[in-house]
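On a predicted model such as this, the values are computed, not experimentally measured, just so you know.
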Amino acid sequence: MDFDTFNTLIPPCEYKPSENIFIIPPETLSLIAQKAFERLSFTFTQKHLEHLTAIVHEPLNSVNDRLVASFLLQNALISAKEQYPLCQDTGIAQIFAWKDETIFTGYDPIEPLSEGTTKTWTEKNLRFSTTIPTSLFEETNPSTNLPVQIALFNGNNTKESKPTWRFLFCAKGGGSSNKTHLVQATKALLNEEAFTIFLRKQIQALGTAACPPYSICIIVGGLSPEQNLLALKLATAGYFDQTLSGWDYRVYGVIPLRIHEWEKKVITIAEETGLGAQFGGKALAISARVFRLPRHGASCPVSIGVSCSAHRNLHGFIDEEGIHLEATVSNPASIPGLLEAAKYTKSGLTGCCLINLDEGIENVRKILSKLSPGTPVLLSGDILVARDAAHARWRENLRAGMPLPSYTTQYAILYAGPSETPPSCITGSFGPTTAGRMDEYAEELMSRNCSLVTLAKGNRSESWRKACEQYGGTYLGTVGGAAALIAEKHIRKSEILDYPDLGMEAVRKITLIDLPAFVLINDKGEDFYAFISNITSC
């Protein structure tokens, strides 16, 4: 793992070798947090970019696998310019830190770490996704993305090592967080046959809503559920992949046992799902990690989690030489084969059906009715943008005896919440959110001629499929994880129509230009992902 070192505009740290004492001023903590989140919000490591490039160049991968990876590479090229962040969901800021006992501060480190993080979110046009409760059921968006989730631990350096404060910075989006699953199993799971069946079920259930290709992690065991889940979180962020001398990697006092042979099996099982990198194929997983922990004889917690294609995790440390941050690629075009792979999109989208959304919702529905699930389309024209909070308000209005706003039946609906808009830009990074969260509104909306054409990411529930069949609805999916690309290349206009108080969840109308998408559920109730599942189970 390569690190960059820098010491600009900060007071010097004071190291006293005779006493083996290291004093770190608060400005240093603030700066490492600021720079870490800047770096991980716009750029990837070389290893991650090489993984995506390899997907495109692998001829055994499906056309759609290669198409999605190509989109993600184009997105990385745009985001590296540091105008549009990699993903519209710039995430909850999470900081894990391991401080050696000989490091002194004299202040609460949470404050400067929060200050540096906030500076990045406000100055770099990231999205404010955090909501703060005002009661059990009411909440508000403070437009700060605070609080930062910070976990501080004692360090584990050897005595021969100089004082070091280690950090792991993560920007975790809601889609991938929602895929975390903990099962309280028993010893009966601890055999090859039972565990294989378990993995097949769990990996299939991941679906595609969290923007694959994924890094999949499995943690088996744990002295408590809390130990298991902390190990899972750290594993998805690549914490146990580090090999720096003098450091060990414990979770509440325990070093997990890595099981390499089962990591290969996880990749194979992921390939066999047929889900692929969002629209069918083999590339559901880019990597896998499997770890075993001690357990109470009566308990066997097992968890599964993912890091999505926007793999925003960054390692860093502070020592007497200054601040060190894991290296990322500021010029993705320098990666061999990447530019060629990014151009695959043109050949992968040949023969698309062109859809003009401005022809009216009924004409659009007639065209879509002729298409089979899996058919690629290019969308142009005006579309409504609304997601969780807006849908909840529409429901509140209906239950209060009020009609739906007129705009809800005039346009197709895209589920999305953009990041903040950079100066002189039309919009901030703009990508689809998980469709399944809106599934519970199927009957209330479709029966009133709303949501008859929807656009988002990921698979949907049986209730939504049945509603499409009953009311003549169509669900389209577009590539998740390509928000910088969509903002720069596929949106020509954006305006807020309603609920501005909801911030990034306000109702908008945007104008699309040639946005690629796929028919996933048609008005006959035929489901693309159900078809894949049936094929792979035969």
Side-chain angles (χ1 to χ4, degrees), residues 1-4 22 24 29 32-33 36 39-40 45 47-48 93-103 109 113 149-172 176-177 180 182 214-264 266 286-295 301-307 311-319 323-328:
M1 187 178 293
D2 296 325
F3 287 83
D4 297 324
F22 189 31
I24 297 179
L29 287 188
I32 192 173
R39 181 169 288 197
L40 65 82
T45 64
K47 183 177 181 180
H48 189 71
Q94 302 172 341
I95 301 174
F96 300 87
W98 294 263
K99 182 171 73 72
D100 289 349
E101 293 181 359
T102 51
I103 292 177
L113 288 172
Q149 177 184 310
I150 300 176
L152 304 175
F153 304 93
N154 288 330
N156 294 307
N157 265 13
T158 60
K159 292 182 180 180
E160 293 77 18
S161 301
K162 293 180 180 179
T164 305
W165 202 342
R166 290 182 290 143
F167 296 87
L168 175 58
F169 300 92
C170 310
K172 192 67 171 178
S176 55
S177 277
T180 299
L182 175 69
Y214 300 134
S215 298
I216 300 177
C217 294
I218 315 287
I219 306 295
V220 180
L223 299 173
S224 66
E226 294 78 15
Q227 185 186 51
N228 179 292
L229 287 172
L230 177 58
L232 179 71
K233 173 60 189 179
L234 296 175
T236 60
Y239 174 72
F240 301 111
D241 294 348
Q242 295 189 80
T243 57
L244 294 175
S245 176
W247 294 356
D248 59 29
Y249 302 96
R250 300 175 186 269
V251 181
Y252 294 142
V254 176
I255 299 177
L257 175 65
R258 186 166 177 178
I259 314 296
H260 291 279
E261 62 269 27
W262 275 93
E263 294 176 357
K264 297 176 182 177
V266 168
I286 213 168
S287 66
R289 300 290 182 270
V290 178
F291 290 95
R292 182 71 160 83
L293 288 167
R295 67 183 185 91
V302 182
S303 62
I304 182 170
V306 303
S307 181
H311 187 64
R312 293 167 301 181
N313 307 286
L314 200 74
H315 302 276
F317 62 96
I318 301 171
D319 64 9
I323 290 174
H324 309 263
L325 286 176
E326 184 179 359
T328 59

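Taking both residues in full, the closest heavy atoms of Leu325 and Gly316 are given as CD2-CA, 4.1 Å, listed atom of the first, atom of the second, then distance. Heavy atoms only, all atoms of each residue included: Lys172 and Thr236 are closest at NZ-OG1, 4.5 Å.
By the neighbour-count criterion of 12 heavy atoms within 6.0 Å, atom CD of Glu261 is densely surrounded, having more than that number from other residues, nucleotides or ligands.
The shortest side-chain heavy-atom distance between Ile218 and Trp262 does not fall under the 4.5 Å cut-off. A heavy-atom distance below 4.5 Å is found between the side chains of Asp319 and His324. With contacts defined as side-chain heavy-atom distances shorter than 4.5 Å, the pair Phe240/Val251 qualifies. In this structure, the side chains of Arg166 and Tyr249 come closer than 4.5 Å at one or more pairs of heavy atoms. Side-chain contact check for Phe167 versus Ile323: every heavy-atom pair is 4.5 Å or farther apart. Side-chain contact between Phe169 and Leu40 is present, with at least one heavy-atom pair separated by less than 4.5 Å.
The line from OH of Tyr252 to CG of Leu293 is 12.0 Å long, rounded to the nearest 0.5 Å. Put simply, CD1 on Ile24 and CD1 on Ile318 are 4.5 Å apart, with the number rounded to the nearest 0.5 Å. Atom NZ in Lys233 sits 6.0 Å away from atom CG in Asn313 (nearest 0.5 Å). The line from CG of Asp241 to NE2 of His315 is 7.0 Å long, rounded to the nearest 0.5 Å. To the nearest 0.5 Å, atoms CG (Leu168) and CG (Leu314) are separated by 8.5 Å. We find the CZ-CG distance between Phe96 and Leu234 to be 5.5 Å, quoted to the nearest 0.5 Å.
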### Query
When you look at Ile219 and Gln227, which way does the side chain to side chain contact (heavy atoms under 4.5 Å, CB included) test go after all the steps?
CA-CA 10 Å; Ile219 306 295; Gln227 185 186 51; over 6 Å; no

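Considering only residues two or more places apart in sequence or on other chains, Thr328 meets the side-chain hydrogen bond (donor to acceptor under 3.5 Å, both in side chains) condition with Thr43.
Under 4.0 Å is where a charged nitrogen must lie from a carboxylate oxygen, and between Glu263 and Arg258 at least one such pair does.
Of the candidates Trp165, Phe3, Trp98, Phe3 is the only one forming a ring-ring contact (aromatic ring centres under 6.0 Å, His included) with Phe317. Residue Val290 is tested with Ile216, Leu257, Val266 for a side chain to side chain contact (heavy atoms under 4.5 Å, CB included); the sole match is Val266.
Arg39 places a side-chain N or O within donor-acceptor distance of the main-chain N or O of Glu326, the cut-off being under 3.5 Å. Asn228 places a side-chain N or O within donor-acceptor distance of the main-chain N or O of Pro301, the cut-off being under 3.5 Å.
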